[in-house]
Amino acid sequence: MKLSKKVVLIGHFGVGKTSLFRRFMDNEFSEEYKVTLGVQIKKKVIELPDGRELSMIIWDTEGHSNSIEDTRKSYLLGSHAFIYVFDVTREETYATLHKDLEYLKKNHAKVPAKILGNKLDLVNEKEIAQHLTSQEIHFDCLTSAKTNKNVQNFFSELAKEITK
Ligand SMILES: Nc1nc2c(ncn2[C@@H]2O[C@H](COP(=O)(O)OP(=O)(O)O)[C@@H](O)[C@H]2O)c(=O)[nH]1
Ligand SMILES: [Mg+2]
């Protein structure tokens with residue numbers, strides 16, 4: 001049977017959702033900022049360590065400026081995982097993290113949400129990790145869509161987790 005999972009990128013505008021999407025899908029990156037309108041959806045077939053094939057259907061949503069509740073409900077429905085992306089250089093992009101996670105838990109209780117701090121290339125990793133921890137921002141991974149740091153690894157781990 002063909003394995004297929006829907007994974008949705010969410011988070012504030014400009015945090016790098018589309019860049020992570022492009023990096024993962026096509027190994028490309030651009031400095032140019034083009035706002036995503038609505039959603040773009042692409043499939044990538046990856047091979048799991050046990051030899052099975054997984055179709056990861058990634059939804060790159062336009063994001064929000066205020067709260068996850070502004071995201072269209074239909075984007076979130078039927079997901080197997082959420083990737084909540086924030087920008088490590090912009091505090092306002094993780095200020096609503098706790099509230100947004102609560103919303104997801106309440107409305108999509110069974111769907112795992114991964115927290116990803118992006119634009120790691122712009123900061124010192126150790127310092128930012130300490131800062132986030134002191135702010136009680138718990139993250140699963142820190143990435144750079146620009147340098148590709150931790151991106152492929154993050155998606156591989158996620159693929160394993162949602163197919164266990
Ligand atoms: N330095 C750096 N810039 C990034 C990174 N990821 C995205 N950007 C830049 O941040 C801006 C917003 O990125 P985008 O992917 O469109 O964000 P989105 O609105 O969340 O989809 C663009 O100018 C990107 O080039 C990163 O890891 N490092
Ligand atoms: Mg985008």
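One-based numbering, in listed order, for ligands and for the atoms of each.
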Distance under 4.0 Å to a non-hydrogen atom of [X]: what atoms of ligand 1 satisfy this?
X: Lys17; answer: 15 (O), 17 (O), 18 (P), 19 (O), 20 (O), 21 (O)
X: Ser30; answer: 24 (C), 25 (O)
X: Phe13; answer: 19 (O)
X: Asp121; answer: 1 (N), 2 (C), 26 (C), 27 (O), 28 (N)

Heavy atoms only: which of [options] lies closest to [atom]?
atom: atom 11 (C) of ligand 1; options: Phe21, Phe86, Tyr33; answer: Tyr33
atom: atom 21 (O) of ligand 1; options: Thr18, Asn148, Thr61; answer: Thr18
atom: atom 18 (P) of ligand 1; options: Ser19, Gly117, Gly14; answer: Gly14

Any idea which protein heavy atom is nearest [atom], and the distance to it?
atom: atom 17 (O) of ligand 1; result: Gly16 N, 3.0 Å
atom: atom 23 (O) of ligand 1; result: Glu31 O, 2.7 Å
atom: atom 6 (N) of ligand 1; result: Asn118 ND2, 3.2 Å
atom: atom 27 (O) of ligand 1; result: Ala145 N, 2.9 Å

Output yes when [X] and [Y] qualify as a salt bridge under the 4.0 Å nitrogen-oxygen rule, no when they do not.
X: Lys5; Y: Glu161; value: no
X: Asp26; Y: Lys42; value: yes
X: Glu157; Y: Lys160; value: yes
X: Lys99; Y: Glu69; value: no
X: Asp87; Y: Lys119; value: yes

**Message:** Tell me whether Gly63 reaches ligand 1 (any heavy atom closer than 4.0 angstrom to a ligand atom).
**Reply:**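 Gly63 does not count as a contact of ligand 1 under the 4.0 Å cut-off.
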
**Asked** Is Phe29 near ligand 1, meaning one of its heavy atoms is under 4.0 Å from it?
**Response** yes

**Request:** Flag this pair as yes if the NZ/CZ of Lys114 is under 6.0 angstrom from the six-membered ring centre of Phe82 and inside a 45 degree cone about the axis; otherwise no.
**Result:**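 Output no; distance or angle outside limits.
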
**Asked** Do any N/O atoms on Leu120 end up under 3.5 angstrom from N/O atoms on ligand 1?
**Response**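 No, Leu120 has no N/O under 3.5 Å of an N/O on ligand 1.
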
**Item:** Min N/O separation Lys119 to ligand 1 under 3.5 Å
**Value:**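 N/O-N/O distance under 3.5 Å: yes.
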
**Verdict with reasoning, Phe86 to His12, per side-chain contact (heavy atoms from CB on, under 4.5 Å)** = CA-CA 7 Å; Phe86 68 87; His12 288 242; over 6 Å; no

**Message:** For a side-chain contact (heavy atoms from CB on, under 4.5 Å) check, start with the C-alpha distance between Thr36 and Thr61, then their side-chain angles and the critical distance, and finish with the verdict.
**Reply:** CA-CA 7 Å; Thr36 308; Thr61 69; over 6 Å; no

Kindly give the heavy-atom pair with the smallest separation between [X] and [Y], and that separation in Å.
X: Asn118; Y: Gly16; result: ND2-CA, 3.7 Å
X: Glu136; Y: His98; result: O-NE2, 2.8 Å
X: Ile162; Y: Pro112; result: CG2-CG, 4.4 Å

**Prompt:** Considering only heavy atoms, does Asp60 approach ligand 1 within less than 4.0 Å through its side chain, its backbone, both, or neither?
**Reply:**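 It is neither part, as no heavy atom is under 4.0 Å.
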
**Prompt:** When you look for heavy atoms under 4.0 Å from ligand 1, do you find them on the side chain of Leu122, its backbone, both, or neither?
**Reply:**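 Only the side chain of Leu122 comes within reach of ligand 1.
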
**Request:** State the count of protein N/O/S atoms located less than 2.8 Å away from the Mg ion (ligand 2).
**Result:** 2

**Asked** Using a side-chain heavy atom cutoff under 4.5 Å and only I, L, V, M, F, W and Y, what cluster partners does Phe13 have?
**Response** Tyr33, Val35

**Prompt:** Between Ser67 and Thr96, does any side-chain donor sit less than 3.5 Å from a side-chain acceptor?
**Reply:** no

**Item:** Polar side chain donor-acceptor pair, Asn150 to Thr143, under 3.5 angstrom
**Value:**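 The answer is no; no qualifying pair exists.
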
